Number of protein chains: 2
Amino acid sequence: MNTPIKVLLYEDNRDLREGISFLLQATAGLDLRAALPHVNNIRTDLAAHQPDVVLMDINMPGMTGLEALPIVKEINPNIQVVLLTVFDDDERIFQALRSGASGYLLKNTPPGEIVQAVFDVHKGGSPMTSTVARKVLQFFQQPVKPIVADHDLSARELDILRGLMKGYSYKLIADELGISLDTVRSHIRNVYDKLQVNSKTEAILKAMKEGWVG
Amino acid sequence: MNTPIKVLLYEDNRDLREGISFLLQATAGLDLRAALPHVNNIRTDLAAHQPDVVLMDINMPGMTGLEALPIVKEINPNIQVVLLTVFDDDERIFQALRSGASGYLLKNTPPGEIVQAVFDVHKGGSPMTSTVARKVLQFFQQPVKPIVADHDLSARELDILRGLMKGYSYKLIADELGISLDTVRSHIRNVYDKLQVNSKTEAILKAMKEGWVG
DNA sequence: CCGGCAACCGCATAATCATGTTAAAGTAGC
DNA sequence: GCTACTTTAACATGATTATGCGGTTGCCGG
């Protein structure tokens, strides 16, 4: 990999922009194509500079980095975008990640690591401030839903419900569990009572919305 | 934060275990309580050492780190667990994250960073090898489903399907759309054909799985 | 020991659903 | 104009589901 990495920087704060620019320029292997104060001409910028990596502040006058991100990924999904921001609220982070950001650094990140991050994303990594990473992880762990509440369903009744949620007919469920069709009916009746519904569909929808099972 | 961080290390490979142990012991601010070759007595280990951070290999004789992880989080969710492994397959990673791992390092991580990772998790971060981080991010981005494709369902057919997904009966759907019961049947028939299913439940489940639910 | 509950089973009836067949009116494209 | 597809609709039959009203076993805790 001898060709330098083409970088585009967006940052409205002049001091910061020039500071980071200086570092990027001074780093071997990087080719800073432009350092711009706003992202309003993102399309022409991209066309003109064909960057490999875009470093982008979120909060800028005019279009924000969050708005520009989908445009970048739409034009060329191979461009790696690293967001640079002072905000670490969940909403912004997840929106950024969903839109295709490859990295998310807080502005208190040491300059050296910002440079490192450029190399990181370019070789397939995802530089993240540790607090951001933690938030992402918590997203996976949260499936420990707060409300495992009521249920009231017995083990067998859950078996039956799971059957329903697989799209099975009563007969199939009966076969699967090795019990009689009438018994399945029996259980289903009780499930309906407890869930306060009166059809297969409602039961399934409720079960899914409620989270438990499946 | 003056009290040292209490660390527990699990690693079956002797050389590695002793290498990491040495580093941890030599680091100010860390208190390596034990370095064990297997995780089979995890409960008593935890009780005896009250660690703040657990470094754990995944592949060990007897119980694996992946199996031990939920036990650790169950006993004390405040214990930060960092997994240390040679595997980077999606399955393992996501299982680990779901089970409550706070960090996930590949074994080619430089020893110095492993030590750094201990401090990281302890102060709320989530050290991750960059390739792992990337996989995690891709998880968020994938909702940009490859195919919004086929459907093939007409506008009216979608109306009917939405009715089903609200748990409505044919009759209710007919009323809602101001058409006859038989017409609803007609549409449903076509929906079933196009979705390759043959029951309300299957149609709903398929519709949800296919994503265009809302 | 007994009452309560989970799990099992049966029979019966009405409602709903699945499916076949057929067909008219409208819209769109060739 | 002809073809294709959507939307509407009717009639019919069998399958499945929803409910009602019974039962018999066990097991558990008071």
Side-chain angles (χ1 to χ4, degrees), chain A residues 145 147-214, chain B residues 74 145-214:
Chain A
K145 288 256 175 76
I147 33 91
V148 190
D150 28 70
H151 263 218
D152 219 34
L153 294 177
S154 72
R156 204 48 161 175
E157 284 161 354
L158 277 175
D159 288 343
I160 268 81
L161 189 49
R162 271 189 283 270
L164 291 185
M165 299 214 289
K166 283 192 285 186
Y168 288 3
S169 68
Y170 289 10
K171 198 175 304 192
L172 255 178
I173 295 174
D175 285 357
E176 197 195 32
L177 299 180
I179 58 182
S180 107
L181 184 59
D182 276 312
T183 304
V184 175
R185 283 197 236 271
S186 231
H187 287 307
I188 295 226
R189 221 190 312 250
N190 294 329
V191 171
Y192 286 2
D193 278 356
K194 292 179 179 175
L195 294 191
Q196 301 270 3
V197 299
N198 52 356
S199 82
K200 223 163 57 151
T201 319
E202 286 180 278
I204 293 171
L205 292 175
K206 186 148 192 169
M208 301 198 120
K209 214 163 13 187
E210 228 65 20
W212 33 269
V213 191
Chain B
E74 177 210 321
K145 288 259 174 73
I147 28 89
V148 190
D150 30 42
H151 267 216
D152 218 33
L153 296 177
S154 72
R156 205 50 162 173
E157 285 161 353
L158 277 175
D159 288 342
I160 267 79
L161 189 49
R162 268 189 285 273
L164 291 185
M165 298 207 284
K166 283 192 284 186
Y168 288 3
S169 67
Y170 289 9
K171 196 175 304 195
L172 255 178
I173 295 174
D175 285 356
E176 198 195 31
L177 300 178
I179 57 181
S180 105
L181 184 60
D182 275 313
T183 303
V184 174
R185 280 198 238 271
S186 234
H187 288 307
I188 295 227
R189 220 190 309 253
N190 293 329
V191 171
Y192 287 0
D193 278 357
K194 292 180 178 175
L195 294 191
Q196 301 270 2
V197 299
N198 51 355
S199 82
K200 224 163 57 151
T201 320
E202 285 180 277
I204 293 171
L205 292 175
K206 186 148 192 170
M208 304 200 118
K209 218 167 4 193
E210 228 64 21
W212 37 279
V213 196

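This one's a predicted model, so the numbers in the text were calculated from it and none came from an experiment. Quick note on labels: first sequence line is chain A, next is B, and so on, each numbered from 1.
In this structure, I160(B) and L177(B) have side chains that are in contact, with non-hydrogen atoms separated by less than 4.5 Å.
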Subject >> Candidate pair E157(A) and L195(A), rule side-chain contact (heavy atoms from CB on, under 4.5 Å), full reasoning >> reply: CA-CA 11 Å; E157(A) 284 161 354; L195(A) 294 191; over 6 Å; no

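Distance CG/L181(A) to CG/L172(A): 11.0 Å, rounded to 0.5 Å.
No donor-acceptor distance shorter than 3.5 angstrom exists from the side chain of Y170(B) to the backbone of T183(B), with no hydrogens or angles considered.
A 6.0 Å sphere centred on NZ of K171(A) holds no more than 12 heavy atoms belonging to other residues, nucleotides or ligands.
When distances are taken from the side chain of E157(B) to each of dT7(D), dT8(D), dT19(D), the shortest belongs to dT7(D). Across dA12(C), dA18(C), dT7(D), the shortest atom-to-atom separation from the side chain of R185(A) is found for dA12(C). Minimum atom distance to the side chain of N190(B) is reached by dT7(D), of the listed dA18(D), dT7(D), dA10(D). Closest contact between the side chain of S154(A) and the listed nucleotides dA6(C), dA10(D), dT16(C) involves dA6(C). Closest approach to the R156(A) side chain among dT7(D), dA18(C), dA7(C) is made by dA7(C) (side chain taken as heavy atoms from C-beta onward). The side chain of H187(B) sits closest to dT7(D) out of dC11(C), dT7(D), dA18(D). The listed nucleotides are dC17(C), dA7(C), dA18(D); the one nearest the side chain of A155(A) is dA7(C). Distance from the side chain of I179(B) is smallest for dA9(D) among the nucleotides dT7(D), dT6(D), dA9(D).
Regarding D182(B), its CG atom lies at a distance of 15 Å from the P atom of dT19(C), rounded to whole Å. Going from atom OH of Y192(B) over to atom P of dT16(C) covers 15 Å, rounded to whole Å. Rounded to whole Å, atom C1' of dT6(D) lies 15 Å from atom CZ of R189(B). Straight-line distance from the CG atom of L153(A) to the C1' atom of dC5(C): 14 Å, rounded to whole Å. With rounding to whole Å, I160(B) atom CD1 is found 13 Å from dA9(D) atom C1'. At whole-Å resolution of the value, NZ in K194(A) and C1' in dA18(D) are 18 Å apart. Put simply, NZ on K171(B) is 14 Å from C1' on dT17(D), counting in whole angstrom units. Atoms CG (L181(B)) and C1' (dT7(D)) sit 16 Å apart, rounded to a whole Å.
Judged by closest nucleotide on DNA chain D, T201(A) is the one of S186(A) and T201(A) placed further toward the 5' end.
OP1 or OP2 of dA10(D) lies within a sub-4.0 Å distance of a side-chain N or O belonging to S180(B). The side chain of T183(B) places an N or O atom within less than 4.0 Å of a non-bridging phosphate oxygen (OP1 or OP2) of dA9(D).
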